[in-house]
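One-based numbering, in listed order, for ligands and for the atoms of each. Keep in mind that the numbers below use all heavy atoms, side chains included, and drop hydrogens, waters and symmetry copies. This is a predicted model, so every value here is computed, not measured.
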Amino acid sequence: MGRLSRFPLCFLLFAAPSIALAQQQPSDEQIEHRVNEILGRMSIDEKAGQLTQAAGNSPETLEKVRQGKIGSLLGVLGAKNANDAQRVAVEDSRLKIPLILGFDVIHGFRTVFPVPLASAGSFDLKLIEQAEQVAAKEATSAGVKWTFAPMVDIGRDPRWGRIVEGAGEDPYLGSQVAAAKVKGFQGRNMADPDRVIACAKHYVAYGATEGGRDYNTVDISEKLLREMYLPPFRAAVDAGVGTLMSAFNDLNGVPATANRHTLTEILRDEWKFQGFVVSDYDSVHELIPHGIAGDDSEAALEALTAGVDMDMADGDYAKYIPQLVQSGRLQSSIVDEAVRRVLRVKLQAGLFEHPYADLGREKTDLLTRESRQVARKLAQESLVLLENKGQVLPIGKDKTVAVIGPLADDKASQLGPWAGNGQAKDAVTPLEGIIGRLNKDRVFYAKGVDIPPYESGLAAGVAAPAPSTATGVRGVETSKRPANIEDAVKAATKADIVLLFVGELAGMTGEASSRSSFDLPGDQMKLVDRLLAIQKPIVMVIESGRPLDIRWAPERIPAIIQTWYLGIEAGNAIADVLFGDVSPSGRLALSWPRSVGEIPTYYNHNNTGRPSSPDRWHTGYLDQTSEPLFPFGYGLTYTSFHYSNLRIESPIVSHDGTLQVSADVENTGDREGTEVVQLYVHDRVAPTSRPVRELKGFERLTLRPGEHKTAAFKVLANDLGSYDSQLKWIVPAGTYDVWIAADSRSGVHGTFEVR
Ligand code: NOJ
């Protein structure tokens, strides 16, 4: 009997003749019918199997797939490997239910894009969506049908290494980016062969981890949870995300992986989420050290009944669900509901009709010229120009440059901390990008210093490149000695301009990579000090996963660029901007603290009864201002813009009405440039204290020299609201401030009334 003949006619009808074609979507009714039909034939072991994800494809694991005891695999890469595993499920297992193969495609698969914190700063939703579309195409060519992305955790504490994986500190930007990424991954139909199922993670409030220490406890009010941390998840759900992942942290004492309030009351009852929830790696088992389960059986019971449908990696569901049901401790209807959710997503994703990856696509779909172009454009738009005194930038191509620093030619770090199936050899380093622009005899390179890893035991596994000599790029004058500051000084002395690449190794950010100090690691500060003494113009390019402590820099260094980690096209994009082929347009997706001591620093804070002021008896510090070094939304370019003529087209907004507001933006410089125009509001009097500003809209505007354009925004009155202390969503009547602005501190200001 052929594989398809087991399916009812309705399924044969929507099986497309060629997988290159978009897939027809079965109706909800057809899917429910099929789900119930399969469920009716399942044993309790097979049901527990569908709720179980295992890592890898060892023979033992595949044997369990054959027995129906595993429904999903994590980290099986390559179309052949994926198909081999899938064949065991769809040909050898009793029920022939396909596996769902998952992988972390966080900022690209083989074509590695800028890290999410960087790309969010592009404020370019279309391009962000396009990048995820490329990632989905590449991932599916290698047999991956499910990505554990987007990571939509709001991050207000850059000590937390995972801040680099998200879209920064703002719930509005975070929500827009979340929706764009879900669309990019899933398209209109996640059954299409070049689309993946997305997974919004880590549900929820992982970014509020105390002290910025990864996996740590979170204790926040329900109001803050709803206003700050939930909105990007809601946006992902509204955009049709197929799955969510529960977080490692506890939330107000209840681990996110056993939190019925967030997983069922909010996600299912309020938001009507129809997909399934997977635990994070081992987080069902971790309910034991959390102290809410005595053993693995109890952990499985608590996680499943709270609303975690699939168990990642620890095997607790497969092992304990059957006996929990048999002993009467777990209702079989709860198991059935979770299985329904998993089967529903598998059907929606077209896995029953097309379980196999097309073996030919890996040759054509990975790392194409077009995908590199998307990576380069997104990288160009993601880096942020923080300072440019005396217009040191852009650099004339007639200049000689000294390229210095441990990150100037480090391929691995360009990729960032979570680079999917990315390969360091694909990355263009800044040095390579610069050499691509200038005659080689105009470039002098010296690494200067190595960045040492942290002591093992403190941060075991933080990768450091082997101490290297400063050679590597043919044709560029370099030293053959191990990296040393004297060579850097010599190179700098010979050049007109010093391009200094400093920061953190990619392995110092990301999961389990919290830091308590934001100093430049190792001897990088010594290198900076020696170079400053030479009195050449310096452009400091910072590669890092968090804002580093550079309070000293704006006064001492004329030009500063924050690149984060820009992916495989990093070096080209950086060179494009350094030499003015492209003007920078990225913005900060978080506020840049002056020092670790002022964290958390975020622009949308409440005013307090004693707002910040130089006067002592006001909120702040004795030893420094509480203003960030650079505000949220900030970023310069090679021209200047003037904002004027704020027009409030709706001075009075009814509760079911729309705020309409516009302003003129003029390019007052002599180069074309792109401005990210931002809309902020502030509710002056409400039942609860409201943030001093909240982002409610943005638009990228490109203007020629002397040109002006109108930036116009519309915001539904309902979106101006907030929760009252009873957690009721209200739109308070009264006066609101509004700004159209270049960042969260500036702008043209007006007011309107809500009545
Ligand atoms: C743990 C991480 O927290 C999560 O983000 C990731 O998706 C899983 N491991 C799977 O790799």
Side-chain angles (χ1 to χ4, degrees), residues 52-57 61 70-77 99-109 115-117 132 135-136 139 142 144-155 160-167 178 181-182 185 196-209 212-218 229 232-233 236 241-251 255-257 259 275-287 289-290 303 308-316 416-422 461 506-507 509-514 545:
T52 296
Q53 179 181 72
N57 56 352
T61 298
I70 288 175
S72 173
L73 296 178
L74 151 70
V76 177
L77 291 188
L99 291 166
I100 178 171
L101 300 172
F103 188 61
D104 288 280
V105 186
I106 308 294
H107 49 108
F109 183 72
V115 289
L117 183 60
E132 301 305 21
V144 173
K145 189 64 192 172
W146 181 22
T147 175
F148 303 123
M151 193 275 221
V152 302
D153 297 314
I154 295 296
W160 187 49
R162 301 198 80 169
I163 202 162
V164 69
E165 290 178 50
K181 291 190 169 195
V182 170
F185 284 130
V196 289
I197 305 156
C199 180
K201 69 185 189 185
H202 307 80
Y203 191 70
V204 57
Y206 188 26
T209 178
R213 290 192 291 284
D214 208 358
Y215 319 121
N216 203 9
T217 190
V218 170
Y229 294 94
F233 287 96
V241 75
T243 65
L244 262 71
M245 184 186 291
S246 68
F248 284 127
N249 54 287
D250 79 76
L251 173 60
T257 296
N259 198 311
F276 73 83
V277 177
V278 63
S279 74
D280 203 342
Y281 202 101
D282 219 23
S283 69
V284 173
H285 166 77
E286 287 171 19
L287 298 178
H290 265 298
V308 171
D309 305 299
M310 185 183 280
D311 174 11
M312 184 188 285
D314 55 39
D316 280 358
W418 206 319
N421 198 30
T509 73
E511 188 176 346
S513 301
S514 299

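The ligand atoms of ligand 1 that sit less than 4.0 angstrom from a heavy atom of Phe148 are 7 (O). Close approach of ligand 1 to His202 is summarised as follows: ligand atoms under 4.0 Å from at least one heavy atom of the residue are 3 (O), 4 (C), 5 (O). Distances below 4.0 Å separate heavy atoms of Met245 from the following atoms of ligand 1: 4 (C), 7 (O). When each atom of ligand 1 is checked for a heavy atom of Asp280 under 4.0 Å away, the hits are 1 (C), 2 (C), 3 (O), 4 (C), 6 (C), 8 (C), 9 (N).
Between Asp104 and Lys201 the shortest side-chain heavy-atom distance falls below 4.5 Å. Looking only at side-chain heavy atoms (C-beta outward), Ser513 and Asp214 stay at 4.5 Å or farther from each other.
What you find for Pro150 and Ala198 is that their closest heavy atoms are CD-CB, 4.1 Å.
Contacts with ligand 1 closer than 4.0 Å are made by no heavy atom of Met151, backbone or side chain. Counting heavy atoms under 4.0 Å from ligand 1, residue Trp418 touches it through the side chain alone. Of all the heavy atoms of Glu165, none lies under 4.0 Å from any atom of ligand 1, so neither backbone nor side chain is involved.
Below 3.5 Å of separation, one finds an N or O of Lys201 facing an N or O of ligand 1. For Arg162, a nitrogen or oxygen atom sits less than 3.5 Å from a nitrogen or oxygen atom of ligand 1, counting backbone and side chain alike.
Put simply, the side chain of Asp309 gets close to the backbone of Val277: a donor and an acceptor are under 3.5 Å apart. Under a 3.5 Å cut-off, the side chain of His202 and the backbone N or O of Asp153 do not form any donor-acceptor pair.
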Worked verdict on Asp250 versus Thr217 for side chain to side chain donor-acceptor pair (under 3.5 Å): CA-CA 5 Å; Asp250 79 76; Thr217 190; 2.7 Å; yes
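Of all protein heavy atoms, the one lying nearest to atom 6 (C) of ligand 1 is Asp104 OD1, 3.2 Å.
Phe103 and Phe109 have perpendicular rings, their planes meeting at more than 60° on a 0 to 90° scale where under 30° would count as parallel.
Annotation for Tyr215: atom OH counts as buried by contact number, over 12 foreign heavy atoms lying within 6.0 Å.
The shortest separation from a heavy atom of Phe248 to ligand 1 is under 4.0 Å, placing the residue in contact.
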